[in-house]
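Worksheet: the structure to be examined is printed underneath.
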Protein chains: 2
Amino acid sequence: MSETALRKETADGSAVAEPKTLVEAAYHRLRRDIIEGHLKPGEKLRVEHLKDQYDVGAGTLREALQLLMTDALVVAQGQRGFNVAPISLSDFEDITRTRVLIECEALRQSIQRGTDEWEGAVMAAFHRLSRAEERLDWEVESSREDWEGRNKTFHEVLISACPSRWIRHFQLLLYRQSERYRRLSMNNNPIPRDVHAEHLKLCEASVARDADRACAVLTEHIIRTLDAIRSLPPSVIEPPAKVASVGRGKARNGDAQ
Amino acid sequence: MSETALRKETADGSAVAEPKTLVEAAYHRLRRDIIEGHLKPGEKLRVEHLKDQYDVGAGTLREALQLLMTDALVVAQGQRGFNVAPISLSDFEDITRTRVLIECEALRQSIQRGTDEWEGAVMAAFHRLSRAEERLDWEVESSREDWEGRNKTFHEVLISACPSRWIRHFQLLLYRQSERYRRLSMNNNPIPRDVHAEHLKLCEASVARDADRACAVLTEHIIRTLDAIRSLPPSVIEPPAKVASVGRGKARNGDAQ
DNA sequence: TCAATACGTTTTCTCGAGATTTTTTCTTTG
DNA sequence: CAAAGAAAAAATCTCGAGAAAACGTATTGA
């Protein structure tokens, strides 16, 4: 087994905090696996199994799981262990509505308080995003990931001038939640809509300091994802509410990893 | 020190989850001590010392602390341990502004979706609060606690018909944050304002389904607490950023903050 | 055939000890 | 007198093992 080169394995250059401790490393890896769907919604998270898979101690993994409760990606009830947070259409509707409220407020504050440097950063991020959109091929994994990263950056830059820490905190939480649903949408219904036009209008309105118009565009932009999810077959978003572990009988326990 | 009656010591009839595990018990006790100010803002939380004080193991207390990061009452950085979240006037301004946004949205949704039963519950809670306000004596501890509880209940009932789990989640987070500042305000400047009139207008507007007026009243109601904090001497809210230990002699604080 | 109960296995929760890292203090030097 | 460096001390982080609880299964009775 690996002996030494284990501590610095996290390859996802994360946003701000570099994972210095094993707990944080496990936290980042778990969060990634949950958002990407390798750990399915509602799935039971057994510490005994996961500690081998992630090569950490039981207590360490436990702490990482409790840290994931902050993002509401993991739920725990009493003495019955941890589960991946379930998903549902109503939950995503709630997330979307709340996200519209939060992101619009963030955008308003950003437009109001943004400096010229902020305008420049918005233009730059939009330009980089446009370039990626031009050569976007939904079949190629790397191309899609590249676009995703630049899309996230663009939206981050847009609200980067928002001075409210709490608004930004809530925005991040909701964005991570919606990431899970968005990936579902992309995997099952890869019909790209014309996001470039939306981004263009959003960029124009923001730089023009037209908060009302920018928020209107952003609202529609966010709600579009909800419509995409609504158009999915219900079986995708509402899997049979399996409560616990290996389904009784011979239901294949296809927990891959 | 307590020996056995540790499991059920939390006397604050908490919202939903009774502390079944030691981790949750320690979590509730720590949260209470932080909100009440026994653990001061910015104070270092040494696991070795606290594990004796709370009669739990080191790992257990560690997990409780990580659970408290969910409420943003504890902060941790890398490998340098835990600290009580610091406070500042600008932070409370941010909390207040965001709280206005969230609580108003919650109230709007509650007014829109509330049933007749909700109206009745609002009236009942207001009545109970009024009774407590009539015989409120700021000198008596029990009277103050009674009023506090009914006040919290009144505001909870007001937004209880809000169907959004995320809005309610954010509301709870911000309320707990502001609790810490409110206690500061009450301990240092016990000048009661005429909250009864505010509550009356809030109740009337809500039951009359006048969302705009209700939100206006609620906004002013929340901002009043900010004004109370603003009127405090700065030394109360911005204590000298003492790091931790028995700082004796030579107060050379070269921290760049 | 169905329901209720008791047992065995699995999982969770908790505690104490060892390795790394950070902080403090003391000594030495310009 | 101030500053840099090194050693000591404290605290943190991590791991493995033992007790308590929950889940699943099998058995028994109507």
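Naming: A, B, ... by sequence-line order, numbering from 1 per chain. Atoms considered below: every heavy atom in the structure, side chains included; atoms not considered: hydrogens, waters and symmetry mates.
Here dT14(D) presents its P atom at 12 Å from CG of Leu67(A), a figure rounded to the nearest Å.
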Item to check | Contact letters for nucleotides 6-19 of chain C, in which S counts primed atoms plus P, OP1 and OP2 and B counts the base, heavy atoms under 4.0 Å | outcome: -----SBSBS----
Exercise answer: donor-acceptor pairs, residues 73-81 of chain B side-chain atoms, under 3.5 Å, sequence neighbours excluded:
none

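No option in Ile102(B), Asp94(B), Leu101(B) other than Ile102(B) meets the side-chain contact (heavy atoms from CB on, under 4.5 Å) test with Leu174(B). A side-chain contact (heavy atoms from CB on, under 4.5 Å) with Tyr175(B) is found for one member of Glu156(B), His155(B), Lys152(B) and no other, namely Lys152(B).
Considering only residues two or more places apart in sequence or on other chains, Arg150(A) meets the salt bridge (Lys or Arg N to Asp or Glu O under 4.0 Å) condition with Asp146(A).
Within 6.0 Å of atom CZ in Arg183(A), more than 12 heavy atoms from other residues, nucleotides or ligands are found, so the atom counts as buried in its surroundings.
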